[in-house]
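Below is one structure, written out as C-alpha cells, with a few remarks after it.
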Amino acid sequence: MTKDLIDAIESRRSVRSYKSDPIPDPTIGRILECGRLAPSAGNLEPWFFYVVKNSQIKDQLAAVSEPWIKAAPVVIVVTADYTLESQNFGERGREMYLYQDSAAATQNMLLAAHGYGLGSCWVGKFDEIKIKQILNLPEGQQPVALLPLGYPTEENQPPLAHKSIDEMVKIIH
Ligand SMILES: Cc1cc2nc3c(=O)[nH]c(=O)nc-3n(C[C@H](O)[C@H](O)[C@H](O)COP(=O)(O)O)c2cc1C
C-alpha cells in the first residue's frame with residue numbers, strides 16, 4: 001500500500017540514515033517508472049538513471065559526494081544528456097531545460113520512494129568529473145543528482161520549519 005500523493009508530498013523529509021535491508025526489485029522498478037513518466041521540455045526525456053547496487057561503486061560515489069550514502073542499499077544516479085538538449089533547444093535547453101527536466105524526474109522518484117516507505121535524500125553535492133569517471137559516463141551525459149534509497153532507521157521525522165505561504169505567494173487579481 002503506497003501513500004496518497006498529497007500525503008506523500010506533505011510528509012516527505014530527507015532521510016540520511018538507512019537500514020541495510022534490501023529493496024525489492026519491483027519497488028525499485030516502480031520508482032524508476034515514476035522518474036520515466038516525468039514531464040520534459042518537448043518530451044525529450046534527456047535523463048538516464050544508473051541504479052547502483054554494487055558496494056564498491058557505492059563507496060566510490062560516497063567518497064566524492066556525501067559519505068553517508070554508502071549505507072543505502074541502492075543509489076540512483078540521475079544523469080542528463082546535454083547534447084540532446086543543445087541540439088533541440090540551444091542554450092535554453094543546455095542551461096535550463098536540462099536541469100528542469102531532470103529535477104522533475106528526480107522529484108518524482110523522491111516522492112515515489114517515500115510512497116513505498118523508503119527514505120531518500122536529493123544529493124547535489126558531488127564532484128561531477130569524478131562521478132563521470134566512476135560510472136564511465138558517455139560523452140554528453142552529465143550527472144545531476146544522486147538519490148540514495150533505503151528503509152529509514154528512524155520513523156516519522158518531525159516537520160521542518162518552512163517559510164510561510166505569504167512569503168512566497170502573490171495573488172494577482
Ligand atoms: C538540488 C538539491 C540538492 C541537495 N543536495 C543535498 C546534499 O548534497 N546533501 C544533503 O545532505 N542534502 C541535500 N539536499 C537536501 C536538502 O538539504 C533538503 O531537501 C532541505 O534541507 C529540506 O529538507 P527536507 O528534504 O527534509 O524537506 C538537496 C536538495 C536539493 C533540492
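Atoms within a ligand are numbered from 1 in the order they appear, just like the ligands themselves. All residue numbers refer to positions in the sequence shown, counting from 1. What you see is a predicted model; the values in this text were computed from it and never measured.
Of all atoms in ligand 1, numbered sequentially from 1 with element shown, those under 4.0 Å from a heavy atom of Lys125 are 8 (O). Those atoms of ligand 1 with a heavy atom of Glu66 less than 4.0 angstrom away are 7 (C), 8 (O), 9 (N), 10 (C), 11 (O). Under a 4.0 Å criterion applied to the non-hydrogen atoms of Ser14, ligand 1 contributes the atoms 15 (C), 18 (C), 19 (O), 24 (P), 25 (O), 26 (O). Within the listing of ligand 1, atoms 24 (P), 26 (O), 27 (O) sit less than 4.0 angstrom from a heavy atom of Arg13.
Nearest non-hydrogen protein atom to atom 22 (C) of ligand 1 is Leu160 CD2, 3.5 Å. Taking atom 17 (O) of ligand 1 as the reference point, the nearest protein heavy-atom neighbour is Arg16 NH2, 3.4 Å. The shortest contact between atom 5 (N) of ligand 1 and any protein heavy atom is with Gly124 N, 3.0 Å. Counting only heavy atoms of the protein, atom 27 (O) of ligand 1 lies nearest to Arg12 NH2, 3.1 Å. What sits closest to atom 28 (C) of ligand 1 on the protein, heavy atoms only, is Trp122 O, 3.0 Å.
Contact analysis puts Trp68 in contact with ligand 1, with a non-hydrogen atom separation below 4.0 angstrom.
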Q.
For Gln142 and Tyr99: C-alpha separation, side-chain torsions, deciding distance, then whether side-chain contact (heavy atoms from CB on, under 4.5 Å) applies.
A. CA-CA 10 Å; Gln142 178 175 343; Tyr99 299 107; 2.9 Å; yes
Q | Candidate pair Gln107 and Arg12, rule side-chain hydrogen bond (donor to acceptor under 3.5 Å, both in side chains), full reasoning | A | CA-CA 11 Å; Gln107 178 70 359; Arg12 183 210 56 81; 5.1 Å; no
**Q.** Evaluation steps, side-chain contact (heavy atoms from CB on, under 4.5 Å), between Glu66 and Leu146
**A.** CA-CA 9 Å; Glu66 294 283 24; Leu146 273 57; over 6 Å; no
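Between Tyr18 and Trp68, the ring-plane angle classifies as tilted under the 30° and 60° cut-offs. By the 30° and 60° cut-offs, the orientation of the rings of Trp47 relative to Phe49 is parallel.
For Glu91 and Arg94, the salt-bridge test fails: no basic side-chain N is under 4.0 Å from an acidic carboxylate O.
Within 6.0 Å of atom NZ in Lys130, 12 or fewer heavy atoms from other residues, nucleotides or ligands are found, so the atom counts as exposed in its surroundings. In the displayed structure, Gln56 atom CD is contacted under 6.0 Å by at most 12 heavy atoms of other residues, nucleotides or ligands. More than 12 heavy atoms of other residues, nucleotides or ligands lie within 6.0 Å of CG in Leu160, so this atom counts as buried by the packing criterion.
The proximity of Ser65 to ligand 1, defined as any non-hydrogen pair under 4.0 Å, does not occur for either the backbone or the side chain.
Taking a distance limit of 4.0 Å, we find that atom 7 (C) of ligand 1 is approached by some protein heavy atom.
Looking at His162 next to ligand 1, no N or O pair under 3.5 Å apart turns up.
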